[in-house]
There are 2 protein chains.
Amino acid sequence: MGDAMMAGLINKCLKNGIRITSQREVIIEVIEESEDHPDVNQLYQRAVEQDRTISIATVYWTVKLLEEMGVIDRLEFGDGRARYEESGEHHEHLVDVETGEVIEFYHAKLEALKQQIAREMGYELVDHRLELFGRKLRP
Amino acid sequence: MGDAMMAGLINKCLKNGIRITSQREVIIEVIEESEDHPDVNQLYQRAVEQDRTISIATVYWTVKLLEEMGVIDRLEFGDGRARYEESGEHHEHLVDVETGEVIEFYHAKLEALKQQIAREMGYELVDHRLELFGRKLRP
DNA sequence: CTAAATGCAAAACCTTTGCCTCAAA
DNA sequence: TTTGAGGCAAAGGTTTTGCATTTAG
């Protein structure tokens, strides 16, 4: 197979017609490789390791742009900072209140129920935000 | 019936043994009378109408205290500000993305499902946050 | 070449805090 | 009286922005 099937954030960005600068390449790569849900400062720290010249202002500009294009999602876990992740299959977050660990999950029934509730109230669901906060049960 | 049945934020505060100052009385009354989900600045504006001497710092101190006592809830709708409401029967929020209006709802099935999901993942649900964002359907 | 992106520093916000004064209980 | 509360202003942390410079396309 050729390049036609290539996915990845960079390609989504190309499709959106934005300029790919060296800084954006690094920042986008950092986001793609992150398994956690980094805030802007974490993205900046990871990006600056690969390119000393990147400024945090550029990281702010970039995440704003990527979010507007819909290729990343902004998350909020209640501390004052925005966190980001590549947008992909839909999933929710469960935050372990003791460790701060964030566990992703998907639950079809929940998806359906949210849609249904909105419809029952006379609304078309365009977005939602759900976070569960839990404490690990003793087995 | 006598005073024994009195509810209200002030009484909850008295039960918690905090000092009821004139400023707190005003701020608490403002929260009780608010039908919306005001942020700190809105609470301050409404409170200062009744008592010019109230400072915004006192509003911050007070909402922090009330939240710790569990008599009000802190909400976040994605703009950078915390919003508050008197805590009562549990309910969720649906935000009309066109008007900004916030509609409260309660859905037993949803409550049960959240608990169930957490349990399935090996967690005891201690808190959660859910907001739906929707657009009004044409009838 | 030219519009768009970067970097820097300043500013804008929201929230917290130190400290002295004041008042509730 | 004594301890908690209030007010002010400064500081903290995150995010945005104006502007001169650089660069991708």
Side-chain angles (χ1 to χ4, degrees), chain A residues 9-31 37-69 71-84 100, chain B residues 9-11 13-31 37-69 71-84:
Chain A
L9 275 186
I10 296 261
N11 294 290
K12 292 184 194 168
C13 291
L14 287 170
K15 277 179 202 153
N16 277 273
I18 68 160
R19 284 192 188 170
I20 302 301
T21 63
S22 63
Q23 293 91 338
R24 283 182 180 173
E25 236 176 304
V26 171
I27 294 167
I28 288 169
E29 192 192 326
V30 164
I31 293 173
H37 304 81
D39 60 36
V40 168
N41 192 55
Q42 288 173 308
L43 291 176
Y44 168 64
Q45 298 297 340
R46 294 172 196 180
V48 94
E49 257 175 53
Q50 292 183 239
D51 177 354
R52 301 276 181 76
T53 78
I54 292 178
S55 78
I56 198 167
T58 299
V59 180
Y60 273 105
W61 282 116
T62 304
V63 292
K64 188 181 179 183
L65 178 73
L66 297 178
E67 198 204 347
E68 279 165 0
M69 299 192 316
V71 302
I72 67 173
D73 290 332
R74 178 198 298 246
L75 310 171
E76 282 173 69
F77 293 151
D79 45 12
R81 297 156 286 172
R83 297 171 172 279
Y84 295 90
Chain B
L9 275 186
I10 297 262
N11 293 290
C13 291
L14 287 171
K15 277 179 202 154
N16 276 274
I18 67 160
R19 282 192 191 168
I20 302 301
T21 65
S22 63
Q23 293 91 338
R24 284 183 180 173
E25 237 176 303
V26 170
I27 295 167
I28 288 169
E29 192 192 327
V30 164
I31 293 174
H37 303 82
D39 60 35
V40 169
N41 192 54
Q42 288 173 308
L43 291 176
Y44 168 65
Q45 298 297 341
R46 295 172 196 180
V48 94
E49 259 176 50
Q50 293 183 238
D51 178 352
R52 301 277 181 77
T53 77
I54 292 178
S55 79
I56 198 166
T58 298
V59 180
Y60 272 106
W61 281 116
T62 304
V63 292
K64 188 180 179 183
L65 178 73
L66 296 178
E67 199 204 347
E68 279 165 0
M69 298 192 316
V71 302
I72 67 174
D73 290 331
R74 178 198 299 246
L75 310 172
E76 282 172 70
F77 293 150
D79 44 12
R81 298 155 285 174
R83 297 172 172 277
Y84 295 90

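By convention in this document, chain letters (A, B, ...) are assigned in the order of the sequence lines, proteins followed by strands, and residues within each chain are numbered from 1.
Under a 3.5 Å cut-off, the side chain of A/Asp39 and the backbone N or O of A/Asn41 do form a donor-acceptor pair. Within the 3.5 Å criterion, the main-chain N or O of B/Ala82 finds no donor-acceptor partner in the side chain of B/Arg74.
If you measure from atom CD of B/Gln45 to atom C1' of C/dC14, you get 14 Å, rounded to the nearest angstrom. Atom CD1 of B/Ile27 and atom C1' of D/dG7 are 12 Å apart (whole Å). Regarding A/Glu76, its CD atom lies at a distance of 14 Å from the P atom of C/dC14, rounded to whole Å. The distance between atom OH of A/Tyr44 and atom P of D/dT14, rounded to the nearest whole Å, is 14 Å. Distance, B/Leu43 CG to C/dC14 P: 14 Å, rounded to whole Å. What separates CG of A/Leu65 from C1' of C/dA5 is a distance of 10 Å, to the nearest Å. The interatomic distance linking A/Gln42 (CD) with D/dT14 (C1') rounds to 14 Å, in whole Å. Summarising the geometry, the separation between CD on A/Glu25 and C1' on D/dA24 is reported as 12 Å, rounded to the nearest angstrom.
For D/dG7, one of the phosphate oxygens OP1 or OP2 lies less than 4.0 angstrom from a side-chain nitrogen or oxygen of B/Thr53. Remark: B/Arg24 is not in phosphate contact with D/dG4, judged by side-chain N or O atoms under 4.0 Å from OP1 or OP2.
Put simply, OG on A/Ser22 and CG on A/Asp51 are 5.5 Å apart, with the number rounded to the nearest 0.5 Å. Rounding to the nearest 0.5 angstrom, the gap separating the CZ atom in A/Arg19 from the CG atom in A/Leu65 is 12.5 Å. If you take OG1 on A/Thr62 and CG on A/Leu43, they are separated by 9.5 Å, rounding to the nearest 0.5 Å. Taking CD1 of B/Ile31 as the reference point, atom CD of B/Gln42 lies at 12.0 Å (rounded to 0.5 Å). Between the OG1 atom in B/Thr21 and the CD1 atom in B/Ile27 there is a gap of 7.0 Å [rounded to 0.5 Å]. Rounding to the nearest 0.5 Å gives a distance of 10.5 Å between CZ of A/Arg24 and CD1 of A/Ile10.
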Summary of protein contacts for nucleotides 15-25 of chain C, nucleotide by nucleotide, where a base hit scores B, a sugar-phosphate-only hit scores S (4.0 Å, heavy atoms): BBB-----BBS

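Between A/Asn16 and A/Lys12, the closest heavy-atom pair is ND2-O, 2.8 Å.
Each end of the helix from C/dC1-D/dG25 to C/dA25-D/dT1 gets its own axis from five base pairs, and the two axes differ in direction by 40°, given to 10 degrees.
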